[in-house]
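Note on naming: letters A, B, ... go to the chains in the order of the sequence lines (proteins, then strands), and numbering restarts at 1 for each one.
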Number of protein chains: 2
Amino acid sequence: MASATRPGSRLGSDDWVAAAYDRFREEGLGGVRVEAIARDLGTTKGSFYHHFGDRAELVAAVMDRWEREETDHFMIEADAAPGPRERLEVLFRGIGQRRIPGEDSLYLDAEREGVTDCVREVTDRRVAYVAAALVELGIEPAEARRRALATVGAVLGLEQLARGGVGPIMAGRDEMQRTLLAIMTSP
Amino acid sequence: MASATRPGSRLGSDDWVAAAYDRFREEGLGGVRVEAIARDLGTTKGSFYHHFGDRAELVAAVMDRWEREETDHFMIEADAAPGPRERLEVLFRGIGQRRIPGEDSLYLDAEREGVTDCVREVTDRRVAYVAAALVELGIEPAEARRRALATVGAVLGLEQLARGGVGPIMAGRDEMQRTLLAIMTSP
DNA sequence: ACCTGAACACCGTTCAAGT
DNA sequence: ACCTGAACACCGTTCAAGT
């Protein structure tokens, strides 16, 4: 395991978070299991409860790190784009994309794991960013906000459908993004 | 439990499905647990494996029944609407709605539970129905198909966001539906 | 043909006992 | 202050033994 620590030394809560994050990266939140991580660390699951109240606390710590590290990359990328239209293209691509395998099921897992607030915050930021771009394109703020919500919702929903294998989505991903962009920016 | 059978009599696989469906209704697929259902039926979990190969088979049977019973209601309702526009309104409302608590997490659970094919089939039917209504409104078939996908995706995605509590979605559900309808039917 | 009871492997959580 | 080891309750799955 990537996070194996020098054996013999005692563990801190950060060691548990690091090992948990490794598992999240590859398997999603479902992979963040106390007993399995204890195995990764070469210790017993009993010792876990000297660092955390329960598994939910560990999951929350993992999500904190995820939000800090993996969340704003494509907004930074979009900022470099010349105009609002190009910015939207980058955003559409970015919202639907997953950088690490663990993110694949994040929206699916968030509710069951009690981390909807974290995911919501990230989504809020994205909606606001899309809305700002639409305002730049001449759409009035209230309508832009509604369309931004619809857009982000559509990208997430299509992602969901694509995983379910509905129709030609997987094949026509770019096509769908162009369609969305055209519809959402129409006057 | 609703499905408690006359005690003493032996059980058939249909008894297991009935009891499982009761649990699905109230708790979703996550509630379909062999040991818990055995308790509901007043038997042991060991006996379950004389009727099914594994839990996945039971889950598949539950989904079969769900697809037969809960899936086409709002299309029938929509058929009664006077025109395509009214039909779309009924559809938008219907797609986002859940009739039983267990459906709340269906899209979330489908992948983990290996029942994406069933959900996909239902979604396919809905996309086709929306596309047909858009064609009736004068949009050419290929574009109608793309927009129908975007629409169903958006409704599902917004549902997901609403559960996560993003922004004013919960408050402005009707408003979002009107916005979607306006955007998707624009020439 | 169906069922029971125990077993096993995997979880999360608690806690007495050790260092 | 941290850790181990065993325990408990909950899962899915298997299987010998019973009816």
Side-chain angles (χ1 to χ4, degrees), chain A residues 1 3-24 26-63 102 105 108-109 111-115, chain B residues 1 3-24 26-63 102 105 108-109 111-115:
Chain A
M1 280 287 118
S3 64
T5 32
R6 47 279 105 111
S9 76
R10 302 225 140 167
L11 299 169
S13 56
D14 35 323
D15 295 306
W16 282 92
V17 174
Y21 200 79
D22 285 348
R23 281 195 162 262
F24 164 66
E26 307 189 11
E27 302 176 36
L29 289 182
V32 179
R33 299 188 305 274
V34 175
E35 192 167 2
I37 298 166
R39 270 195 305 265
D40 293 344
L41 290 171
T43 183
T44 62
K45 54 180 173 173
S47 73
F48 168 79
Y49 293 90
H50 293 274
H51 304 286
F52 298 89
D54 56 13
R55 179 180 167 277
E57 274 186 22
L58 181 61
V59 169
V62 166
M63 289 308 289
S105 54
L108 266 56
D109 295 331
E111 217 185 356
R112 201 168 15 113
E113 300 283 9
V115 292
Chain B
M1 282 286 118
S3 64
T5 33
R6 45 282 107 104
S9 75
R10 302 224 139 168
L11 299 169
S13 56
D14 36 322
D15 295 307
W16 282 93
V17 174
Y21 199 79
D22 285 347
R23 280 194 163 264
F24 164 67
E26 306 189 10
E27 301 176 37
L29 289 182
V32 179
R33 299 187 306 273
V34 175
E35 192 167 1
I37 297 166
R39 270 196 304 267
D40 294 345
L41 290 172
T43 183
T44 61
K45 54 181 173 173
S47 74
F48 169 79
Y49 292 90
H50 292 275
H51 304 284
F52 298 87
D54 55 13
R55 178 181 168 276
E57 274 186 23
L58 181 61
V59 169
V62 166
M63 290 307 288
S105 53
L108 267 55
D109 295 330
E111 218 186 354
R112 200 167 18 112
E113 300 282 9
V115 292

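- Atom CG in B:L41 sits about 14 Å away from atom C1' in C:dC2, given to the nearest Å.
- Scanning all heavy atoms of the two residues, the minimum distance from B:E57 to B:F52 falls at OE1-CA, 3.6 Å.
- You'll find the side chain of A:L29 stays beyond 4.5 Å of the side chain of A:R112, heavy atoms only.
- By the 4.5 Å heavy-atom criterion applied to side chains, A:V115 and A:V62 are not counted as neighbours.
- When all heavy atoms of B:V32 and B:A20 are compared, the closest pair comes out as CG2-O, 3.7 Å.
- Between B:H51 and the phosphate of C:dC3, there is a side-chain N or O to OP1/OP2 separation shorter than 4.0 Å.
- Between A:L58 and A:F24 the shortest side-chain heavy-atom distance does not fall below 4.5 Å.
- Here the separation of C:dT13 from D:dA1, taken at their P atoms, is 23 Å to the nearest Å.
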task = Map every base of DNA chain D to its dot-bracket character, where paired means a Watson-Crick or G-U wobble contact with both distances under 3.5 Å and | marks a partner outside the strand.
result = ||.|||||...|||||.||
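- Contact check for B:L11 versus B:T43: side-chain heavy atoms found under the 4.5 Å cut-off.
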key: Per-nucleotide protein contact string for nucleotides 9-15 of chain D (B base, S sugar-phosphate only, - none; heavy atom under 4.0 Å)   = --BBBB-
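- Of the residues A:R39, A:R33, A:E35, the one that meets the side chain to side chain contact (heavy atoms under 4.5 Å, CB included) test with A:K45 is A:E35.
- Annotation: side-chain contact (heavy atoms from CB on, under 4.5 Å) contacts of A:S105 (sequence neighbours excluded): A:L108, A:D109.
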